[in-house]
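Just so we're clear, the structure is a prediction, and the values are computed from it rather than from any experiment.
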Amino acid sequence: MTVHSTPFQEITEATLLPRIVRLGSNLYGAVFTLMKLVPARYILRRALERGELEPGTVIVETTSGTFGLALAMQAALLRRDLVLVSDPVIDRNLHRRLADLGATVDIVEQPAEIGGFQASRLDRLAELRSALPQSFCPEQYTNPDNPASYALVAERLADALGTVDCVIGPVGSGGSLCGTVRALRGATPHTRAIGVDTHRSLLFGQEDGPRQLRGLGNSLMPGNLDHGILDEVHWVTAAEAYATTRWAHRRHALFQGPTSGAALLAARWWAEQNPEATCVVMLPDEGYRYLETVYDDAWTAGQGLDLSRVPDKPVEVTHPRDAVPDQWSWYPWRRQELVAVVAEGGRR
């Protein structure tokens with residue numbers, strides 16, 4: 001059998017851009033197979049162009065989710081070694097797939113006192129890089145190529161739908177939502193941005209703490225999160241996100257992960273409140289990683305989660321720290337900087 005080499009940028013083109021599906025009279029889903037392929041591919045292409053990925057250069061990054069998978073796919077196609085620093089919450093099936101793609105996964109066992117596992121992972125990343133003669137770190141949280149990569153997604157949305165009045169999406173690094181909306185506002189400044197987070201994430205003014213819902217939120221503030229882009233912020237619980245994820249599968253045959261469910265919960269409500277607006281909800285990745293968790297009734301029951309009760313609307317709060325801990329809540333961010341919102345005077 002003859003194996004032909006194919007340039008890495010061509011292999012993943014079929015799964016790079018989202019499908020656009022109609023979910024309501026004015027609500028459309030941007031359905032990704034693996035959304036993190038967009039920044040991973042773009043960042044590595046730019047690094048190649050700048051001469052930062054010479055043969056022998058090791059790609060290193062900290063991740064516990066799909067950005068690591070996207071990097072592993074690209075690194076395999078580039079024939080580059082990849083080391084990913086993660087923590088014990090990494091999904092075991094994802095871990096197996098990363099290993100099969102040839103990535104080395106370095107697990108940090110203990111969280112840092114400040115910043116939790118994300119801080120300890122960054123410390124370990126620095127140790128690894130100091131020991132390597134040649135390394136490149138994509139730095140998804142701070143690299144401006146991350147949000148810049150989503151201009152491609154914005155172009156896809158504009159081509160398919162024309163004017164996009166609102167984009168709703170989960171927020172982790174800040175790259176996808178901020179990058180997509182920033183690109184759309186070049187032609188339509190009125191386009192609204194609604195960020196979806198989870199409780200006990202410090203991204204939008206809450207105090208950091210343990211979180212059941214993974215794949216969004218953060219224990220450290222990413223440089224790519226531009227708070228001044230956001231019009232609204234919603235905080236969603238794990239039970240609400242999981243229930244909506246399962247609903248999307250039953251109702252629309254959309255087999256996505258829980259961050260998609262979190263974003264869809266907020267998007268359905270907002271679209272209903274604004275029937276004249278064209279709304280897009282970002283649905284980041286497929287649900288195969290979650291068959292034994294989110295899609296398993298015994299597992300969700302074992303986590304003490306009741307998926308039968310999802311509120312019809314969120315609770316509006318006057319300050320991020322007033323968000324109801326165990327219920328979907330929202331705050332009218334109004335494109336303010338974080339410091340203005342978290343100040344006592346930021347209460348409405």
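Atom CZ of R309 has 12 or fewer heavy atoms from other residues, nucleotides or ligands within 6.0 Å. The neighbour count for R97 CZ, taken as heavy atoms of other residues, nucleotides or ligands under 6.0 Å away, does not exceed 12. For E207, the CD atom counts as loosely surrounded, since its 6.0 Å shell holds 12 or fewer non-hydrogen atoms of other residues, nucleotides or ligands. By the 6.0 Å contact criterion, CG on D312 is open, its count of non-hydrogen atoms from other residues, nucleotides or ligands being 12 or less.
Between the side chain of T66 and the backbone N or O of K36, no donor-acceptor pair lies under 3.5 Å. Judged by distance alone, the side chain of R335 and the main-chain N or O of D231 form no donor-acceptor pair under 3.5 Å. Under the 3.5 Å distance criterion, the side-chain polar atoms of N274 are matched with a main-chain donor or acceptor of W270. Judged by distance alone, the side chain of E286 and the main-chain N or O of L34 form no donor-acceptor pair under 3.5 Å. Between the side chain of S86 and the backbone N or O of T63 there is at least one donor-acceptor pair closer than 3.5 Å. Side-chain N or O atoms of H252 include none that pairs as donor or acceptor with a backbone N or O of L254 at under 3.5 Å. In this structure, the side chain of E61 engages the main chain of E139 through a donor-acceptor pair within 3.5 Å. Looking only at distances, a side-chain donor or acceptor of R22 sits under 3.5 Å from a matching main-chain atom of S25.
Results of the side chain to side chain contact (heavy atoms under 4.5 Å, CB included) test with R121 over L220, L84, V108, D106 single out V108 as the only residue that passes.
Of all heavy-atom pairs between L94 and G65, the closest is CD2-O, 3.7 Å. Residues A158 and L184 share a closest heavy-atom pair of CB-CD2, 4.4 Å. When every heavy atom of C137 is checked against every heavy atom of L125, the shortest pair comes out as SG-CD2, 3.8 Å. Among all heavy-atom pairs drawn from A76 and L101, the shortest one is CB-O, 3.8 Å. Between N26 and A271, the shortest heavy-atom contact is ND2-O, 3.1 Å. In plain terms, the two heavy atoms of A263 and I168 that are nearest each other are O-CG2, 3.7 Å.
For the residue pair W333/H227, the side-chain donor-acceptor check at 3.5 Å is not satisfied. A donor and an acceptor atom, one from each side chain of D208 and S219, are located under 3.5 Å apart. Side-chain contact check for T237 and E240: at least one donor-acceptor pair (N or O, by modelled atom type) lies under 3.5 Å. In summary, the side chains of Q327 and W235 do not present any donor paired with an acceptor at a separation below 3.5 Å, with no hydrogens or angles considered. If you check the side chains of T191 and R185, you find no donor sitting under 3.5 Å from an acceptor. A donor atom on one side chain and an acceptor atom on the other are found under 3.5 Å apart for N146 and S173. Side chain to side chain, T198 and S201 fail the donor-acceptor criterion of an N or O pair below 3.5 Å. Using modelled atom types, one finds a donor on one side chain and an acceptor on the other under 3.5 Å when comparing D165 with H190.
Counting heavy atoms from C-beta on, the side chains of L16 and V38 come closer than 4.5 Å. Side-chain contact between L230 and I194 is absent, with no heavy atoms from C-beta onward closer than 4.5 Å. With a 4.5 Å cut-off on side-chain heavy atoms, S260 and P284 count as touching. Counting heavy atoms from C-beta outward, H199 and L213 have side chains that stay 4.5 Å or more apart. At least one side-chain heavy atom of H234 sits less than 4.5 Å from a side-chain heavy atom of W328. Side-chain contact between R80 and P55 is present, with heavy atoms from C-beta onward closer than 4.5 Å. Within the 4.5 Å cutoff, the side chain of V236 has no heavy atoms near those of the T244 side chain. Taking the side chain as every heavy atom from C-beta outward, L132 and V60 approach each other to under 4.5 Å.
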Salt bridge (Lys or Arg N to Asp or Glu O under 4.0 Å) evaluation trace for R41 with D145: CA-CA 10 Å; R41 177 176 177 269; D145 284 341; over 6 Å; no
Chi angles and distances behind the side-chain contact (heavy atoms from CB on, under 4.5 Å) call for V280, L161: CA-CA 9 Å; V280 173; L161 301 173; 3.4 Å; yes
Chi angles and distances behind the side-chain contact (heavy atoms from CB on, under 4.5 Å) call for V317, W330: CA-CA 6 Å; V317 297; W330 79 283; over 6 Å; no
Evaluation steps, side-chain contact (heavy atoms from CB on, under 4.5 Å), between N93 and E292: CA-CA 10 Å; N93 290 326; E292 298 174 359; 4.0 Å; yes
Test log, rule salt bridge (Lys or Arg N to Asp or Glu O under 4.0 Å), inputs E52 and R46: CA-CA 9 Å; E52 297 172 349; R46 291 294 303 275; over 6 Å; no
Audit row: V167, L177, side-chain contact (heavy atoms from CB on, under 4.5 Å) steps and yes/no: CA-CA 8 Å; V167 180; L177 183 62; 3.7 Å; yes
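Taking the six-membered ring where tryptophan is involved, the planes of W299 and Y242 are tilted, since the angle between them lies from 30° to 60°.
A salt bridge links R192 to E232: one of the charged nitrogens lies within less than 4.0 Å of a carboxylate oxygen. The existence of a salt bridge linking R246 and D297 is confirmed by a sub-4.0 Å separation between a basic side-chain nitrogen and an acidic carboxylate oxygen.
A cation-pi arrangement is found for R268 relative to W247, the charged atom lying closer than 6.0 Å to the ring centre and inside a 45° cone about the ring normal.
Both M35 and L44 belong to a single network of hydrophobic side chains, linked directly or stepwise wherever heavy atoms of I, L, V, M, F, W or Y lie under 4.5 Å apart. Following chains of ILVMFWY side-chain contacts shorter than 4.5 Å, one cannot reach L71 starting from Y42, and the two form parts of different hydrophobic clusters. V164 and M282 end up in the same hydrophobic cluster when Ile, Leu, Val, Met, Phe, Trp and Tyr side chains are linked at under 4.5 Å. One hydrophobic cluster, built from ILVMFWY side chains closer than 4.5 Å, cannot hold both V324 and V196; they sit in different ones. Put simply, V171 and L157 are part of the same group of oily side chains (I, L, V, M, F, W, Y) that touch within less than 4.5 Å, one to the next.
With rounding to the nearest 0.5 Å, the separation of CZ in R124 from CD in Q110 is 14.0 Å. For the atom pair CG (L48) and CD (E54), the distance works out to 8.5 Å, reported to the nearest 0.5 Å. Distance check, rounded to the nearest 0.5 Å: SG of C166 to OH of Y28 gives 14.0 Å. Here L69 contributes atom CG and L37 contributes atom CG; the two are 7.5 Å apart, rounded to the nearest 0.5 Å. A distance of 10.5 Å separates OG1 in T245 from CZ in R250, rounded to the nearest 0.5 Å. For the atom pair S135 OG and L53 CG, the distance stands at 10.0 Å (nearest 0.5 Å).
Screening residues 139-161 for ring pair (Phe, Tyr, Trp, His ring centres under 6.0 Å), with sequence neighbours left out, gives no hits.
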